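Take a look at the structure below.
Below, chain A is the first sequence line, B the second, and so on; all start at residue 1. Just so you know, these numbers use all the heavy atoms, side chains as well, and skip hydrogens, waters and symmetry mates. Since the structure is predicted, the reported quantities are computational estimates derived from the model, not experimental observations.
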There are 2 protein chains.
Amino acid sequence: MAAVPNRSQVAEMLSLLRSRGERVTTARRAVLEALVQYRDDHLGTEELALRIREDHPDIHLSTVYRTLEYLEDQGLVHHVHLAHRAVSHHVAQDHHQHAVCDHCGRAFDLDISMFDELSRRLADEHGFTVELGHITIGGRCADCSA
Amino acid sequence: MAAVPNRSQVAEMLSLLRSRGERVTTARRAVLEALVQYRDDHLGTEELALRIREDHPDIHLSTVYRTLEYLEDQGLVHHVHLAHRAVSHHVAQDHHQHAVCDHCGRAFDLDISMFDELSRRLADEHGFTVELGHITIGGRCADCSA
DNA sequence: TTCACTGCAAATAGTTTGCACATAG
DNA sequence: CTATGTGCAAACTATTTGCAGTGAA
């Protein structure tokens, strides 16, 4: 799916920051690396911070919060409200939607094309520009319907 | 839209509870009345509790939380994650979707038919049963796009 | 009368902030 | 060198829970 190997995706985002005159710090690199490495795991912020600390025990949870906020401001990261209380972050390029089972909590990635008609109608009928990637669909997964 | 006038919608839900052998209390009646009265205002839980207290100063915030949870268990109420931190409740019969502007926070009600294709594809391709009414679409409203 | 419900206060979870020190540029 | 970023502790917000008293059936 990615036209560019993961390895350089972080490097690319870091040079983008540098080109904007932003500082590149250990925490920023570590957060981006973790988001790329665990991209499929839909980790909450605290869980993400735990993984980051495996390699960087000195990076504080509050720094992860601040860094994620910063990276969102920079447009490099988006967030999704997955389960009821958990917020999950992902790099902006990984645009996908989620369906979350209200029963078991599992998150399923959805193809963006599923939202084509919906976005078009929202634009036409309400002038509303959907921010894809932020949508979460709740319901019952196949297993939990049984 | 409703086949039944608002006035009796609460009464109806209360008799349903009674018919199940559940207790009808002041708090339960007050919460349902407020949900019906302010159905278009997308109130958060705390704000809802404030309105309820105008008439029933003795109903505690924690009771509102517990009552909403109870009414959800009974299937009479659903909740929606509207803005980033706010959870809003509405009576289950008022099934509609929301688009929330990430910029000004306004919520727009959407026609359910917009989700027909999406629900069908989720069912067909993933065996996932969408719980309509729980979906929130983020993005920019027409005004804030300017 | 009896057991579910409620008020209150205190606990918890997730997130944010002030401040002094560390570090990228 | 100097502004920006970070660690830490403490504050905050939304929500939940334990317990003893209240009230619906």
Next item on the list: Would you please say whether a donor-acceptor pair under 3.5 Å links the side chains of A:Arg28 and A:Gln74?
Entry: no

Next item on the list: Would you mind reading off the distance between B:Arg29 atom CZ and C:dC5 atom P, rounded to a whole angstrom?
Entry: 15 Å

Margin query: Could you tell me how far apart A:Glu46 (CD) and C:dT16 (P) are, to the nearest whole angstrom?
Written below: 13 Å

Check: Tell me: CD of A:Glu47 to P of C:dG14, nearest whole Å?
Finding: 11 Å

Next item on the list: Kindly say if B:Tyr65 contacts the phosphate of D:dT16, meaning a side-chain N or O under 4.0 Å from OP1 or OP2.
Entry: no

Can you tabulate the close N/O pairs, meaning under 3.5 Å, that link protein atoms to atoms of nucleotides 17-19 of chain D?
from, atom 1, to, atom 2, distance (Å)
D:dG18, O6, B:Arg66, NH1, 3.2

Note to self: Between P on D:dG5 and CG on A:Leu68, what's the gap in Å once rounded to a whole number?
What the structure shows: 15 Å

Notebook entry, point to check: Taking the nucleotide of DNA chain D with the closest heavy atom to each, which residue, A:His60 or B:Glu22, is nearer the 5' end?
Noted result: A:His60

Checklist line | Atom-pair distance (CZ on A:Arg20; P on D:dT4), nearest Å | finding: 17 Å

Item checked: Residue A:Thr26, side-chain heavy atoms: nucleotide from C:dC5, D:dT6, C:dA24 that is nearest -> C:dA24

Item checked: d(CG, A:Leu17; C1', C:dA24) in whole Å -> 13 Å

Note to self: Nearest whole Å is fine: how far is D:dT16 P from B:Glu72 CD?
What the structure shows: 10 Å

Notebook entry, point to check: Does a donor on one side chain and an acceptor on the other come within less than 3.5 Å for A:Glu22 and A:Tyr70?
Noted result: yes

Checklist line | Min side-chain heavy-atom separation A:Val36-A:Leu32 under 4.5 Å | finding: no

Margin query: Quick check against the 3.5 Å criterion: does A:His126 have a side-chain atom that pairs as donor or acceptor with the backbone of A:Phe128?
Written below: no

Item checked: Any side-chain heavy-atom pair of A:Arg18 and A:Met13 under 4.5 Å -> no

Notebook entry, point to check: Looking at C:dC5, C:dT15, C:dT6, which one has an atom nearest to any side-chain atom of A:Leu61?
Noted result: C:dT15

List every contact pair, protein side and nucleotides 21-23 of chain D side both N or O, where the distance is under 3.5 Å.
from, atom 1, to, atom 2, distance (Å)
D:dG23, N2, B:Arg23, NH1, 3.0

Next item on the list: Taking atom types as modelled, find out whether B:His90 and B:His78 have a side-chain donor-acceptor pair closer than 3.5 angstrom.
Entry: no

Item checked: Min side-chain heavy-atom separation A:Phe115-A:Val130 under 4.5 Å -> no

Notebook entry, point to check: Taking CG from B:Asp73 and P from D:dT16, how many angstroms apart are they, rounded to a whole number?
Noted result: 12 Å

Item checked: Sub-4.5 Å side-chain heavy-atom contact between A:His89 and A:Leu43 -> no

Item checked: B:Leu68 side chain reached by B:Leu35 side chain, heavy atoms, under 4.5 Å -> yes

